[in-house]
Each structure stands twice: as structure tokens, then as C-alpha cells.
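What follows is a short report on a single structure.
Per chain, numbering begins at 1; letters A, B, ... match sequence-line order.
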Amino acid sequence: MPTSPQRRLLVTSALPYANGHIHLGHLVEYLQTDIFVRFQRLRGHQAIYLCADDTHGTAIMLRARAEGRSEQELIAAMREAHLADFTDFQIAFDHYGSTDSPANRQLCGELWQALRRRGLVVTREVQQLYDPEAGVFLADRFVKGTCPKCGGGDQYGDACEQCGATYTPTELVDPVSTLSGARPEVRSAEHLFVTIEDLHEFLAQWTRDSGAVDPRIANYLSGHFLAEPLRDWDISRPAPYFGFEIPDAPGQYWYVWFDAPVGYMAATEEWCRQQGDRLDDWWGRDETGRPRAEIHHFIGKDIVYFHTLFWPAMLEAAGLALPTKVRVHGFLTVNGQKMSKSRGTFILARTYLEHLDPGMLRYYYAAKISGGIDDLDLNLEEFTAKVNADIVGKVANLASRTARWLTASGLSDSYPDDGGLFVKAAADGETIAAAYEAGDFARAMRIVMLAADRANAYIDAEQPWKLAKAGPEAAARLQDVASVAINLFRQLAVYLAPVLPQLAEQAGALVGGPIRHWSEAARPLAGIPVAAFQPLARRIEQAQIESLVAASRSAAEASPPAGSPVLQTSGASTMDETPAAPPSADPAAPLEAEPLAEECTIDDFAKVDLRIARIVAAEEVPEARKLLKLNVSLGGDVTRTVFAGIKGFHEPAALVGRLVVVVANLAPRKMKFGLSEGMVVAASGAGADGVFLLSPDAGALPGMRLR
RNA sequence: GGGCCCGUAGCUCAGUGGUUAGAGCAGGGGACUCAUAAUCCCUUGGUCGUGUGUUCGAAUCACACCGGGCCUACCA
């Protein structure tokens with residue numbers, strides 16, 4: 001295969017929000033990007049890896065306010081923490097910027113002017129509710145009031161559960177801010193919109209034909225957003241807002257999703273300034289309209305929309321280079337489930353680093369990442385087994401078991417006959433490289449491990465330990481066998497270098513010096529010294545995993561969840577905190593499937609207002625798979641509508657009249673079929689199909705509190 | 001309800017039309033003792049979700065169904 005000419009690649013990961021710490025979920029993206037970049041460099045290409053903290057928006061503003069410090073202090077502290085985490089995971093950014101930088105402000109302005117020149121910006125009055133006490137405009141979910149159509153109380157700002165009407169929050173009767181409890185004012189504010197529909201044709205064509213977007217994603221886009229006119233993109237937020245004020249619209253700030261992707265460019269600009277390079281060489285187009293460099297964006301599947309529609313639209317409008325490839329990955333699950341604080345599987349990068357070697361996770365992720373958008377599962381048992389078997393047992397072991405025989409003699413003067421092993425693995429080089437290039441790291445790892453298996457088998461067949469005991473006449477043969485083993489080891493270290501930079505360094509220190517190029521895997525070494533062997537990687541012990549999980553549980557306790565108040569999924573039938581049962585002959589499966597939640601205080605418990613309630617009405621929701629619509633009475637004339645996930649387990653008619661336990665102060669949850677104003681407590685879990693409602697002893701009355 | 005993905009050995013997966021379907025881990029047996037109880041060899045284990053079709057030939061293509069997941073459901 002001919003050597004490809006040097007490529008120039010600009011590679012990014014999505015910008016982490018400066019509102020929380022890096023966790024193992026984030027690392028799925030940063031590690032795979034880092035592996036990709038290191039691979040490209042090893043192949044001799046110029047690849048720069050750029051990223052930045054995403055710093056703007058309401059969430060940052062509110063959090064800084066709550067912590068009694070400035071936004072700048074908050075984002076500076078978070079930036080430091082992010083950088084430490086990335087560095088310790090051996091993620092080698094060429095530059096790590098911030099969206100709150102002069103360079104970003106400048107570039108936002110330039111892109112903005114480009115949008116203006118193209119006539120893509122329009123201004124419209126927007127009526128919005130404003131909380132005079134909190135001093136912020138309120139999103140729909142922060143307003144409650146009485147439905148203007150049917151008079152139903154306690155409804156959210158956008159739709160009424162009782163009559164199904166939809167409306168704007170300004171139409172609500174007696175609105176209340178859920179932030180402060182104050183009565184919001186209707187304020188009129190100017191918003192700026194980008195008429196992205198003007199680029200509809202371009203976007204439809206680009207997503208379909210450019211090769212930048214996976215066909216599955218392109219298909220999804222064409223069926224959703226591109227199937228109808230694209231709505232104007234509301235790109236501004238009125239003060240107060242933490243962000244950049246729009247130069248030609250005083251009092252208006254760019255929405256965070258405008259300045260975040262520009263942060264890719266700002267980071268490039270800052271890097272260029274350090275290097276004496278030009279931004280245009282990376283983001284510009286040449287005379288023929290072709291991009292001057294490749295641009296690869298690694299993102300999670302949740303932000304596809306921004307990177308395949310808005311961002312290309314902005315770049316196109318500004319006449320800049322469009323992304324070469326938008327590489328989309330799924331989310332992380334741990335032990336097959338969403339990361340959970342109470343299970344101790346919500347693991348921060350820092351917590352991991354306190355217990356385990358970053359290389360282990362780098363390898364495990366690499367072995368699981370195949371370039372698709374499916375979620376990636378971190379199974380802790382498999383993690384332990386795989387890393388121990390592959391990295392320690394196979395690869396590191398090659399050097400560990402043979403290097404000692406070469407410390408005195410060095411490698412044989414010419415590479416011995418190894419039965420074609422080295423050549424065979426060298427021939428795999430291009431296949432492995434193609435897999436890396438395609439983002440199918442799992443395939444690359446499989447091929448590498450097969451080579452490691454062959455190498456170990458070779459050592460077993462040659463039995464160098466017998467040669468070592470055989471005396472001087474076997475010395476040359478011993479040196480040859482060990483030289484083969486060490487060469488095969490170093491060859492693997494080259495292939496693994498993008499994933500395990502540490503191992504590559506150690507291999508270089510052992511023999512042959514730093515690994516600088518992929519082609520080193522094709523040339524065996526001979527006649528050079530071998531350093532004294534240093535242990536390369538330590539096995540993962542079960543106890544380390546256990547203490548990592550335990551530490552993650554207590555870390556979750558110590559730091560309350562950061563970020564926007566995201567509601568839990570369908571507020572139906574499961575509870576996280578189940579009381580412990582006395583030991584018995586009952587099966588252990590339910591408890592094992594869902595271990596006890598972390599300890600909570602009596603005050604924590606008191607936050608949950610559990611009440612006895614009587615089901616006064618129950619009806620099928622024909623379109624719902626799992627839900628029944630219940631109306632429950634808390635006594636007197638207080639009733640609640642609750643959607644409970646018990647369809648199929650209970651007949652509606654049989655439920656009417658019975659007493660149940662409800663979570664009475666649960667935040668209402670808008671569901672497809674209406675608003676759910678609470679949750680009926682029921683038991684469920686492993687070991688049995690079904691959802692089991694709780695009933696009180698005789699004598700209990702609706703409205704009584706559980707304590 | 002709509003869209004997409006997946007269903008292959010106990011587990012994790014490879015194999016996308018062509019000889020008797022493979023790997024790793026786990027299980028069983030053996031070898032070795034250089035190595036971090038690592039390594040090597042042998043071995044148990046599969047109606048390739050089900051059915052129908054296309055084909056000389058189907059894990060692979062088509063259709064239907066069953067099961068699991070993700071995304072949507074007038075939010076971007």
C-alpha cells in the first residue's frame with residue numbers, strides 16, 4: 001500500500017459544560033477522540049485536537065448566583081478541574097480554550113455579521129413572563145397558574161392537563177413563578193431569529209450527500225426537521241444572561257448554542273496564535289471552494305441537531321469550511337443501566353483516577369467502541385476480566401516473561417527466524433489502521449490481541465526458560481527467542497500506542513527508544529541494548545472496583561447533582577428508596593438486582609410527603625402502553641390526577657375505591673396524555689413480573705401522612 | 001403511533017450470499033513453571049429469535065411476526 005500524503009486534520013470533542021465535573025460518560029467521547037488524534041499523528045499526519053469549556057447560559061448564571069460568586073470565578077474553578085481530569089486521563093489537547101474568551105467574542109461577531117449580510121437575521125417581539133424577584137425571564141416550565149380555557153388550577157405554562165388546551169404562558173390566569181413564588185409580569189422583549197429555512201436546500205443536500213453525516217443520522221434528519229420548513233432559530237436571550245452581548249442589539253445576548261460551536265474556532269484561533277499559524281488554513285476554503293483542512297467533530301447523539309443543521313448553516317453562511325465528518329456516539333451505561341448515584345455507578349473521572357489506572361479505561365473503551373451510535377456499556381466485571389487478560393496477561397506479559405534474558409546481551413544482531421510471526425503482524429498493520437480510521441477501535445483491538453496470542457504461543461513452544469538453564473551453548477538461541485518476543489511486544493505497543501500512550505512509552509524505554517511512527521511496527525529491531533525490565537501494568541483487583549463504587553456513592557452524597565433540574569423519567573411506579581426487609585428465606589434476587597440506596601437522613605425522608613389516598617376514578621388510556629389514568633382523593637375535596645405505570649397489572653374497575661400510598665408533593669410531570677400530579681407507590685423488581693400496589697391497614701384515611 | 005438499530009455458544013461479540021458458523025471470557029481436562037495464580041494445548045457448548053419466500057446455495061437478501069433497545073410524539 002502506498003504511503004498516503006500527509007493530511008491535516010482538525011479534531012474536536014464537544015465542549016463540556018462548565019456546570020459539572022467530568023464523569024466516565026463524558027470520557028467515552030474524549031477518550032475516543034484522543035485515540036483517533038493520536039492514531040493520526042502516529043501515521044504521520046498533522047492532527048490538532050481542540051476543545052474548550054462551554055461557559056455561558058442561564059444555568060451557569062443561576063448556579064453562580066446560588067454560590068454567591070461571579071460567573072468568572074465559577075467557570076475558572078471548573079476549568080481547572082476539567083483540565084486536571086483530562087490531563088490525568090492522558091487526553092492530549094493541542095489547545096483547550098473557553099467560550100468566554102476574547103477570541104470567541106470576536107469570532108461570534110464575525111459569524112454574526114455574516115448571517116446579517118446574508119439577510120438571515122430577523123427581529124420579532126416576543127411576549128414572555130418575567131420574574132421580578134428572581135430578575136429573570138421564565139421558561140414555560142418555571143410558570144404555573146390556572147388554565148385560561150377550563151379554569152383548572154395548578155397548570156404549567158404551556159398546556160393544560162385537564163382540558164388538553166395548549167396556550168402560551170402569558171395566557172395563564174394567576175401565574176406564579178416556580179423559582180421565587182412571585183407573580184410574573186408580562187414583558188415584551190425583542191428576540192433575534194435566524195431564518196435557517198433559507199438554507200433548507202443546502203442542508204438537505206449536505207446532510208445527504210457530503211459523506212459527513214452517517215446515513216442513518218441523515219435519514220433521521222430528513223424525516224424530522226428537514227421534512228418540513230425549518231423553524232426560525234431563536235438565537236438571542238434578553239438580559240440578564242451570562243454570555244456575550246450582541247454588538248448591534250444592546251441588551252440582547254447570544255444564546256449559548258450560538259457561541260458554543262464557535263468555541264471550536266476560537267480554540268483554533270488561540271492555538272494558531274501560539275503556533276504562528278493562520279485560522280484560515282484550518283477553517284477556510286481554498287480558491288476552488290474546498291476546505292483547506294479536514295474537520296472532524298466527535299459528539300454525543302444528543303447534540304446531533306446542532307452539529308448537522310445549525311452549525312453547518314452558520315459555516316455555510318460565513319463561507320467557511322464545512323465539517324468533513326461528524327462522528328456520533330451513544331451514551332454510557334454501567335452494568336447495563338443508566339449511571340446511578342445510589343448504585344455508585346455515577347463515577348467521576350477524578351474518583352476513577354483515585355482508584356485505577358487511566359490506561360485500563362482507555363483500553364476497555366477502545367475494545368468496545370465500534371463507531372456506531374449505540375450506547376456503550378461499562379460492565380465492571382467484564383472490565384476487570386478483559387483488562388487483566390488482554391493488557392496484563394497477554395501484552396505486558398510478553399515483555400515481563402522474556403526481557404530479563406536480554407538485559408545483559410541486548411537484542412540479537414540480526415532479527416532471528418520467527419516462523420513469519422513478525423511479518424504476519426506487520427501485514428496486519430494496514431487493516432488495523434483502517435479500523436482506527438473508521439472509528440472501529442474494537443476491531444483494531446481484536447486484531448492486535450490475536451497477534452498477542454500468537455506471540456505467547458511462540459514463547460511457550462520455544463521454552464526459553466529451558467534454554468536459560470541449558471548453559472552457555474544455548475545462550476545464542478535464548479537470545480534469539482527473547483529477541484523475537486521483545487520485538488513482537490514492541491510491535492504491539494506501536495499498534496496500541498494511540499490507546500495506551502503510557503505503555504508505548506514504557507516499551508520505548510525498554511527497547512528502541514520512543515515510538516514515533518506507525519511504520520515502526522513493520523521493522524524489527526536488532527543489535528541494540530535492552531533496559532532493565534520495569535513492570536508495565538498492574539492487574540485490577542476486585543477490591544479496587546468495590547472501593548471505586550463505594551467512593552462514587554459517597555461522592556454523590558457529598559456533591560448534589562449539578563446541572564439543570566432534569567426530572568426523572570415517567571413519574572410512575574418505581575421508587576428508589578426501598579426499606580430494608582428482615583433476613584428471611586425469601587429470594588435474594590430483588591435486593592441484588594437493586595442494591596440499597598445510599599443512607600439518607602430523616603430530613604431527607606421528610607422531603608417526600610407520602611399520603612394515603614383513595615382511588616376515586618381509574619380509566620384506561622387507550623394509546624398508552626403502560627399507563628392508567630387515576631384520580632385520587634386526599635380527603636376533603638383535594639384530588640390529584642396521577643398517571644401510574646400499572647396498566648396490564650391492574651383492572652381499572654377493580655382499583656376504584658381502594659386505598660393506596662401516593663407521593664403527594666412530587667413535582668408535576670407533563671406526560672403525553674396529560675399532567676401527572678403525583679405518583680402511586682408500588683413495589684417492583686427482579687424475581688417477579690408485576691407491579692404491586694401498597695395498601696394500609698384498616699382504619700387509615702385519605703390524607704394521613706406516612707412517617 | 002412513527003423512525004432507526006439489534007436478536008449468533010452461559011456472557012461479550014465477530015462473521016453481511018459460497019466448503020463441516022468463529023473468537024475472547026466463563027466451564028471441563030491436561031501441559032508448563034520464564035512471567036503480575038500470568039501462558040500454552042485439548043475440550044464441552046449453537047434448530048445463527050420464529051415463520052414464509054428469493055436462490056443451485058441464506059446467519060447473510062426480502063416480507064411478516066415475536067423479543068430487546070434508542071430516538072421521536074407538535075421540545076430543540
Side-chain angles (χ1 to χ4, degrees), chain A residues 139-141 158-159 164 166 196 214-225 227-228 230-235 255-257 300-310 328-331 333 335-338 364 367-368 370 372-379 381-406 435 440 442-443 445-450 452-469 478 481-482 485 489 533-541 621-625 670-673:
Chain A
D140 292 355
R141 68 169 192 272
D158 50 357
T166 58
I196 189 174
D214 182 292
R216 278 173 303 197
I217 304 272
N219 179 42
Y220 155 78
L221 291 170
S222 73
H224 283 77
F225 307 104
E228 49 193 76
L230 293 160
R231 262 172 273 161
D232 295 346
W233 185 27
D234 186 351
I235 197 61
Y255 175 46
V256 58
W257 263 110
K301 61 186 179 185
D302 53 331
I303 55 175
V304 162
Y305 181 86
F306 295 98
H307 284 81
T308 56
L309 296 179
F310 284 142
V328 183
H329 61 81
F331 298 142
T333 56
N335 292 338
Q337 295 178 294
K338 281 186 179 162
Y364 182 77
K368 301 276 281 191
S370 55
I373 56 174
D374 296 334
D375 289 351
L376 184 159
D377 186 46
L378 166 58
N379 181 293
E381 229 172 272
E382 185 196 24
F383 170 67
T384 308
K386 191 159 191 63
V387 168
N388 284 346
D390 290 357
I391 299 305
V392 183
K394 288 179 184 172
V395 178
N397 195 217
L398 279 176
S400 174
R401 64 192 303 199
T402 56
R404 52 187 294 230
W405 293 309
L406 296 173
D440 192 351
R443 182 181 176 82
M445 295 305 104
R446 277 198 304 273
I447 300 171
V448 170
M449 287 309 144
L450 288 176
D453 286 342
R454 294 194 299 265
N456 274 304
Y458 168 83
I459 296 173
D460 266 67
E462 297 300 327
Q463 303 182 312
W465 54 91
K466 287 193 176 159
L467 298 171
K469 287 173 188 157
L478 175 64
V481 170
F489 165 70
F533 177 76
Q534 305 290 329
L536 300 167
R538 199 170 303 142
R539 294 173 58 77
I540 300 174
E541 301 299 334
V621 184
E623 316 91 281
R625 287 197 310 271
K670 193 176 156 234
M671 303 175 79
K672 179 181 179 183
F673 312 104

Exercise. For nucleotides rG49(B) and rU33(B), find the distance between their P atoms and express it as a whole number of Å.
Key: 45 Å
Quiz item: Is any side-chain nitrogen or oxygen of Arg404(A) closer than 4.0 Å to OP1 or OP2 of rC34(B)?
Solution: no
Exercise. Looking only at side-chain atoms of Ala396(A), point me to the closest of rU36(B), rA76(B), rU39(B).
Key: rU36(B)
Quiz prompt | Nearest to side-chain heavy atoms of Trp405(A), which nucleotide of rC34(B), rC71(B), rC40(B) | solution = rC34(B)
Exercise. Look at the side-chain N and O atoms of Lys469(A) and state whether any lies under 4.0 Å from the OP1 or OP2 oxygen of rC34(B).
Key: yes
Quiz prompt | Sugar-phosphate only, base, or nothing, as touched by Gly223(A) at under 4.0 Å among non-hydrogen atoms | solution = nothing
Exercise. May I ask you to say what Lys466(A) touches in the nucleic acid, namely base, sugar-phosphate or nothing, with a heavy-atom cut-off under 4.0 Å?
Key: sugar-phosphate
Practice problem: Tell me which nucleotide among rC70(B), rA35(B), rC74(B) gets nearest to the side chain of Ser400(A). | Solution: rA35(B)
Quiz item: Which is true for Leu536(A) with a 4.0 Å heavy-atom rule: it touches a base, it touches only sugar-phosphate, or it touches nothing?
Solution: base
Quiz item: Can you check whether Asn379(A)'s main-chain N or O pairs, donor with acceptor, with Tyr364(A)'s side chain at less than 3.5 Å?
Solution: yes
Quiz item: Can you tell me how far P of rU33(B) sits from CD1 of Ile459(A), to the nearest Å?
Solution: 15 Å
Self-check item: Trace of the side chain to side chain contact (heavy atoms under 4.5 Å, CB included) decision for Leu221(A) with Thr308(A)
Solution: CA-CA 9 Å; Leu221(A) 291 170; Thr308(A) 56; 3.3 Å; yes
Quiz item: Can you tell me how far P in rA26(B) sits from the matching atom in rU12(B), rounded to whole Å?
Solution: 15 Å
Practice problem: For Ala399(A), answer base if it contacts any base atom (sugar-phosphate contacts may also be present), sugar-phosphate if it contacts only those atoms, and nothing otherwise; contact means non-hydrogen atoms under 4.0 Å. | Solution: nothing
Quiz item: Now, which nucleotide makes the Watson-Crick or G-U wobble pair with rU20(B), with each of the two distances under 3.5 Å?
Solution: none
Quiz item: Which value, in whole Å, describes the distance between the C1' atoms of nucleotides rA21(B) and rG15(B)?
Solution: 8 Å
Practice problem: Find the partner of rU50(B): check Watson-Crick (N1-N3 plus N6-O4 or O6-N4) and G-U wobble (N1-O2, O6-N3) distances, both under 3.5 Å, and reply none if neither fits. | Solution: rA64(B)
Quiz item: Are Asp460(A) and Arg401(A) close enough for a salt bridge, meaning some N to O gap below 4.0 Å?
Solution: yes
Practice problem: Check the distance between rC34(B)'s C1' and Tyr458(A)'s OH and give it to me in whole angstrom. | Solution: 14 Å
Quiz item: Across all strands shown, which nucleotide pairs with rC70(B) by Watson-Crick or G-U wobble geometry, both distances under 3.5 Å?
Solution: rG3(B)
Quiz item: rU44(B) and rG28(B): how far apart are their P atoms, nearest whole angstrom?
Solution: 15 Å
Quiz item: Which nucleotide, in any strand shown, forms a Watson-Crick or G-U wobble pair with rA31(B), with both distances under 3.5 Å?
Solution: rU39(B)
Self-check item: Residue mapping more 5' on RNA chain B - nearest nucleotide basis, Gly393(A) or Lys301(A)
Solution: Gly393(A)
Exercise. Tell me the partner of rU55(B), counting only Watson-Crick (N1-N3 plus N6-O4 or O6-N4) or G-U wobble (N1-O2 and O6-N3) with both under 3.5 Å; none if nothing fits.
Key: none
Quiz item: Salt-bridged, Lys368(A) to Asp377(A), with N to O below 4.0 Å?
Solution: no
Self-check item: Thr384(A) side, atom OG1; Glu381(A) side, atom CD - distance, nearest 0.5 Å
Solution: 7.5 Å
Quiz item: In whole angstroms, how far is the P atom of rA23(B) from the CZ atom of Arg443(A)?
Solution: 16 Å
Self-check item: Pairwise C1' distance for rA9(B) and rU43(B), with rounding to whole Å
Solution: 14 Å
Quiz item: Reckon Asn219(A) touches a base, only the sugar-phosphate, or nothing at all at heavy-atom distances under 4.0 Å?
Solution: sugar-phosphate
Practice problem: Look at the side chain of Asp375(A) and decide which nucleotide, out of rA35(B), rC70(B), rA76(B), has an atom nearest to it. | Solution: rC70(B)
Exercise. Report the relative orientation of the aromatic rings in Phe306(A) and Trp233(A); use parallel for angles under 30°, tilted for 30 to 60°, perpendicular for over 60°.
Key: tilted
Quiz item: For Asp234(A), which contact category applies under a 4.0 Å heavy-atom criterion: base, sugar-phosphate, or nothing?
Solution: nothing
Quiz item: When you measure from the side chain of His224(A), which nucleotide among rG2(B), rC5(B), rU39(B) comes out closest?
Solution: rG2(B)
Quiz prompt | Listed nucleotide nearest any side-chain atom of Glu382(A), set rU12(B), rG2(B), rC40(B) | solution = rU12(B)
Quiz item: What's the closest nucleotide to the Asn397(A) side chain, out of rG24(B), rA35(B), rU36(B)?
Solution: rA35(B)
Exercise. Could you give the distance separating rC66(B) and rG51(B) at their P atoms, to the nearest angstrom?
Key: 15 Å
Practice problem: Provide, to the nearest angstrom, the distance between the CG atom belonging to Leu378(A) and the P atom belonging to rC11(B). | Solution: 19 Å
Practice problem: Quickly work out the Asp460(A) CG to rC41(B) P distance and round it to whole Å. | Solution: 8 Å
Self-check item: Arg539(A) side-chain N/O to rA38(B) phosphate OP1/OP2 under 4.0 Å
Solution: yes
Quiz item: Reckon Tyr220(A) touches a base, only the sugar-phosphate, or nothing at all at heavy-atom distances under 4.0 Å?
Solution: base
Quiz prompt | Of Ala385(A) and Arg454(A), the one whose closest RNA chain B nucleotide lies more 5' | solution = Ala385(A)
Practice problem: Kindly give the heavy-atom pair with the smallest separation between Ala452(A) and Val395(A), and that separation in Å. | Solution: CB-CG2, 4.3 Å
Exercise. Could you work out the separation of rC32(B) and rC41(B) based on their P atoms and round it to a whole Å?
Key: 15 Å
Quiz item: Which whole-number value in Å describes the distance from Trp465(A) CH2 to rA38(B) P?
Solution: 16 Å
Practice problem: Provide, to the nearest angstrom, the distance between the CG atom belonging to Leu450(A) and the C1' atom belonging to rG22(B). | Solution: 11 Å
Practice problem: May I ask you to say what Phe306(A) touches in the nucleic acid, namely base, sugar-phosphate or nothing, with a heavy-atom cut-off under 4.0 Å? | Solution: sugar-phosphate
Practice problem: Would you kindly give the CG-to-P distance between Leu221(A) and rU72(B), to the nearest whole Å? | Solution: 12 Å
Exercise. Might you work through the side chain to side chain contact (heavy atoms under 4.5 Å, CB included) test for Arg443(A) and Arg446(A), ending with a clear yes or no?
Key: CA-CA 5 Å; Arg443(A) 182 181 176 82; Arg446(A) 277 198 304 273; 3.7 Å; yes
Exercise. Mark yes or no for whether Ser400(A), through its side chain, and Ala396(A), through its backbone, hold a donor-acceptor pair below 3.5 Å.
Key: no
Self-check item: G-U wobble or Watson-Crick pairing nucleotide for rG10(B) (cut-off 3.5 Å, both distances)
Solution: rC25(B)
Quiz prompt | Among rA76(B), rU33(B), rC5(B), the one nearest Arg216(A) by side-chain distance | solution = rC5(B)
Practice problem: Would you mind telling me which of rU36(B), rG2(B), rA23(B) lies closest to the side-chain atoms of Val392(A)? | Solution: rU36(B)
Self-check item: Pairwise P distance for rG7(B) and rA59(B), with rounding to whole Å
Solution: 15 Å
Self-check item: Selected nucleotide, minimal atom distance to Lys368(A) side chain, candidates rU33(B), rC40(B), rC13(B)
Solution: rC13(B)
